Student: 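Let me begin by handing over the structure; questions about it come next.
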Amino acid sequence: MPKLTIDGKIVEVPPRTNLVEAGKKVNVVVPIYCYHPALSVVASCRMCQVELHAPNQPVRLVAACRTEALEGMQISTSGPDATRARAAVLEFLLANHPLDCPICDKAGECDLQDYSFLYGSGQGRFEEKKREGVKHELIGNHILLDQERCIMCTRCVRFMDEYAKSPSLLVKGRGDQSVIATFPGEKIQSNYEGNLSDICPVGALTSKEFRFKSRVWDLCSSDSVCTLCDRLCTVRLEVKRGRLFRVRPIENPQVNGWFMCDRGRFGLLDHCNPGERATRAFAGASSVGTETAILALATKLRELRQELICVLSARLSCEEILLARRAFAPFVRPEGLLFLPAVEEGGDGILYTGRQAANEAGLKLLGIRPATDSELRAVLSTGGPSAAVFFDHKDAERAQARASCAFLALIDVVPRNLPEAPLHADVFVPGLLFSEKEGTMINCSAILERLRRAQPAPEGVAGERSVLERLGDLLKADRTEIEGPDLTSAVTRALGLPQRTLAQIPRLGLKVPSSAPALETARR
Amino acid sequence: MNGAQTASDPSLAGTDDSKVDRACLAELSSLCERYPIPRGALLLILHRLQERRGHLAPSDLKLAAQITTISPAEVYSVASFYSMFRLQPAARFPIGICRNISCWLCGGQKLLDTAREKLGIDLGEATTDGLFSLESVECLGSCDTAPVIEIHGEYFEHLTPSALGTIVDRIRADKDQSLQALALERRTGARKEP
Amino acid sequence: MPTYLSTHLQRRSALPLEDALSEGRYRTAERVLAEKTPDQVIEEVKSAGLRGRGGAWFPAGTKWSFMPKELKGPSYLVVNADEGEPGTFKDRQIMEKDPHLLLEGILISAYAVRAETTFVYIRGEYLDSYRAMVRALEEARARGLFGRNVFGTGRNIDVVVHRGAGAYICGEETALLNSLEGRRGEPRPKPPFPASHGAFGRPTTVNNVETIANVPVILEKGTAWYRTMGTTQAPGNVLFGVSGPVNRPGLYELPVGTTAREILEKHAGGMKDNRKLKAFIPGGASTGFLPASMLDVPMDPESLKAKGTMMGTGGLIAIPEGVSIVEAARVFSRFFRHETCGQCSPCREGSAWSDRIIGNFTRGQGRRSDLKVLQDIADGSVRKTICVFPEAYAGPMLSAIKHFRAEFEALAKE
């Protein structure tokens, strides 16, 4: 493991570490544009030049991104040569760069702004007419290209080729006439297009969904996961006045690397900003308060003698699954506590798994039994009149539950605001979106990940967690399983992990051992 | 929503635009065999395709992509890098006038002015009959015979303004003649130039 | 004074194989392949002190010695015939008039570096050179001089003639290699160097046409003979080019170290129409301007370096009185702006910005402060990029300002 000195700090790194990564280990920031850890190295922006000092030798400038950290190296990022070289690069890049900051979405998170402030000379000397190019042209389904702002780092070209496996961006031309372009008449068709606006260091690639919508410093972020497939990419949800404005991936080596897919990135914008929503509870045909609805449900459950079918959903957090199990397990038929696994659509081989079911692994590891659609339909329609509680209205529709069930309860987010209970359920309680919850979910690789609330719950909607806990208490369910500083600690216990509260779950997740202890209460 | 790989679209090989006959396709594919990987032949293939109609259309680029097994985007990027490849329809006889130092010192500017006048066009323009266009080119490596122009790779050297006029007239008079022969004729002095 | 490069360069067309053979061409190659090992050839070329004639003057034998001796796959020789340096036209003449001189050089050099295939990368504009080399190669192959089992030695040595497509930067050896691979001609960051990772990922040596053309005579007549010409540090002859308004522009084969004055006045007949020399470019565009007062400089790498310039390709360009150096500088800045590959931020922007500035001066709209900016553009890009292109565009502009500053100031508006 070579040991070297960067800005006076000693750092030891694995072999074949470049100087940029070596610097990160000791909190030395080497500014970069063209370098990206996920992509091939081109060393063309020249921003990462650092001084290499060797005894009895003149100081040499090297590109940190492609220089291997070797034993005994003496590196300075702040010496006079490096400082001048960086300031020169910035002056060159700013020469033709348009003064778009006041109208550019990237402002506030722009590497050109930030580095100019930190390393630039503060005064430009370019007095010629600036180069002109295409502005805000849609080059795919989401991304707008501004050739004038582009600093030709070529991250976008390499990203589409190497990561998205869809070589649709290219450098056209040569020299100062070079621009980013697509093949004539063609557009990007990729599930990873949205990442382009993240990796572009400047505002040359921006998303039309976000264009002019907000300044970035007005957004409130919460770290959560994308729930549109069971990869559960860690994401930052950026919200303003309760509305989700933007979703960006969080770097997570064991889950999603640096990126996320467009289904998630843009799908969440629709998912978390439903136009309409059912926000009132129902019992019988009447709209009632939440407590009334819970009481109605509790009353019905006490009448049943283990006849209930309880269909849980992968949209539920682990905490909610635990609470549901606690509340319903005493009332379900044998094999009656189940879930419907998502259809395997086939993933894209990169991040999207093709299973549109967020916490399916959570359901499995917490002992909930998978059943098929036809099994469920059969169970609901044979035997006597059935009683069922569903947590996803689409599951209930597919199972034709209303027709088969004498009693139907639904606890779900329903994006319609109607005067009657959705599905004409006997009891309906409105649910919460994942972005309105705190809790945990488990992804397809058994990583336990954290959700933090990003949006406020709609007025009057208490949410699954509070409803299920209340229901369980009303039904005098045992509290042992759910005891602890918080519900997450109960979840970790149930999964066979050392106990942790929600705050103690690492930001990037925690691997769950593949066999969780058998849960007696779940089986009858 | 996976990325569409247009390079592998088999329907592109026989698009009307490209009208590539089997012999040509075989010739182009055989060029690939000279190199350790097929894309080594790309520049030769692009030269060959450009010879057919004077420029490289998108269908030509897609064909080259197919033969060399790389993406059309990559081929387009490569073609756009090199000055000799024309990605827009060109005049039948693009006249390249060297604008570099030795030609400039030896009357290159005057030659350019003559060309502009004689043809009635400026640099970057084509005559209305589509016959001639004017481009500036960089040093052609014939500095001792400055000033020099080239048309489709044939060099016309020691070019006086009137000699330029003669060449234009002769090409106009017989558009199908061999430029190579015309250039050789000048070089060997078989005909006296005014 | 012996000559060995220019014997047939006055011809109207290429010396055919039959004539080349009767002149003794390929005899040396045959003897070398029969009697010497590749390492012995390398040693001979090393001790002869042959330096690359492409502009960098790097010792050829040393470059060859970097190639692997034990092969775990193909190695390549690549001949750099991309001759794009303005004022340079020597390699073209060799290919078009005496291709078998080059081909015999290739045969010996490929043998020395253990390359079965040699790629000759000819700039796209050199159509006649391409035709001549293709024809000469066909002739030579038909005679068994190239191909399998050359001279019955069991060695396979063959050549692929390749074309560029108009990009000066492809004269840079790693850009050339990228171009050869069917890519954009963008230089590669170094290390690795071509000897470890070159064409198609294989060990490769890249040599200029004229360098290779020196090889047969070195092997034929030996180091001692070769070193009677030129200087101690740079032996041999050079095909000096002379262009501009001189009486006898052309190629002159003369020893390294001949003075610029002798080349210009004695051989090229001095300035046309009795004009006075104002300035000259010693070795091709990137070597920049020297005032006429420096005409006695010996044309060898060391002497020119001492004068703050370079030997380059030996393409001397004469600039007479009455020519504006500012406009001449503009000719170059426009050229370099057009030819930068554009990868590196400083070069892409710096070459264009300096062209804009010099253009302002040519229109009498220069800013005096921009003279400092030109220096800063050079400082911000020289030795700060992937390749040495900034050195090339800095040469003319900085030397123009250094030796002819008054002309710039006269064209400043403020």
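Since this is a predicted model, take the numbers as computed values, not measurements. What you see below is based on every heavy atom in this structure, not just the backbone, and it leaves out hydrogens, waters and symmetry mates. Below, chain A is the first sequence line, B the second, and so on; all start at residue 1.
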Student: Heavy-atom distance under 4.5 Å to chain B: side chain of C:P74, backbone, both or neither?
Tutor: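 For C:P74, there is no contact with chain B at all, as no heavy atom is under 4.5 Å.
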
Student: Not counting sequence neighbours, list each pair that qualifies as a ring-ring contact (aromatic ring centres under 6.0 Å, His included) and has a residue in residues 30-53 of chain B.
Tutor: B:Y35-C:F119, B:Y35-C:H162, B:H47-B:F85

Student: Any ion pair linking B:R187 and C:E96 (charged N to carboxylate O, less than 4.0 Å)?
Tutor: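 So C:E96 does not pair with B:R187 through a salt bridge.
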
Student: Considering only heavy atoms and a distance below 4.5 Å, find which of B:E74, B:H152, B:Q180 pairs most often with chain C.
Tutor: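 Of B:E74, B:H152, B:Q180, B:Q180 has the most heavy-atom pairs under 4.5 Å with chain C.
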
Student: For chain C, which candidate among B:L44, B:L43, B:L42, B:L31 shows the most heavy-atom pairs at distances under 4.5 Å?
Tutor: B:L43

Student: Got a sec, which residues hit side-chain hydrogen bond (donor to acceptor under 3.5 Å, both in side chains) with B:Q50, two or more places apart in sequence or on another chain?
Tutor: none

Student: For the atom pair CH2 (B:W104) and CD (C:E327), what is the distance rounded to the nearest 0.5 Å?
Tutor: 5.0 Å

Student: Check side-chain hydrogen bond (donor to acceptor under 3.5 Å, both in side chains) between B:R116 and all other residues, then give those that pass, not counting sequence neighbours.
Tutor: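 With neighbours one apart ignored, the set is B:D113, B:D122.
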
Student: To the nearest 0.5 Å, what is the distance between CG (B:L105) and NZ (C:K272)?
Tutor: 11.5 Å

Student: Is C:A285 close to chain B through its backbone or its side chain, or both, or neither, when contacts mean heavy atoms under 4.5 Å?
Tutor: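 Interface part for C:A285: neither.
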
Student: So do the side chains of B:E154 and C:D128 get within less than 4.5 Å of each other, counting heavy atoms only?
Tutor: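 Yes. Closest side-chain heavy atoms under 4.5 Å.
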
Student: Pick one of side chain, backbone, both or neither for C:C341, based on which atoms fall under 4.5 Å of a heavy atom in chain B.
Tutor: both

Student: Taking the side chain as everything from C-beta on, heavy atoms only, tell me whether C:E125 gets closer than 4.5 Å to B:E150.
Tutor: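 C:E125 does not reach B:E150 side chain to side chain.
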
Student: If you measure from CG on B:N100 to CZ on C:F332, what distance do you get to the nearest 0.5 Å?
Tutor: 6.5 Å

Student: Does the side chain of B:F81 reach to within under 4.5 Å of the side chain of C:R183, using non-hydrogen atoms?
Tutor: no

Student: Output the residues of residues 87-95 of chain B for which the shortest heavy-atom distance to chain C is under 4.5 Å, in residue-number order; output 'none' if no such residue exists.
Tutor: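 Not one residue of residues 87-95 of chain B has a heavy atom under 4.5 Å from chain C.
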
Student: Does a donor on one side chain and an acceptor on the other come within less than 3.5 Å for B:S83 and C:Y168?
Tutor: no

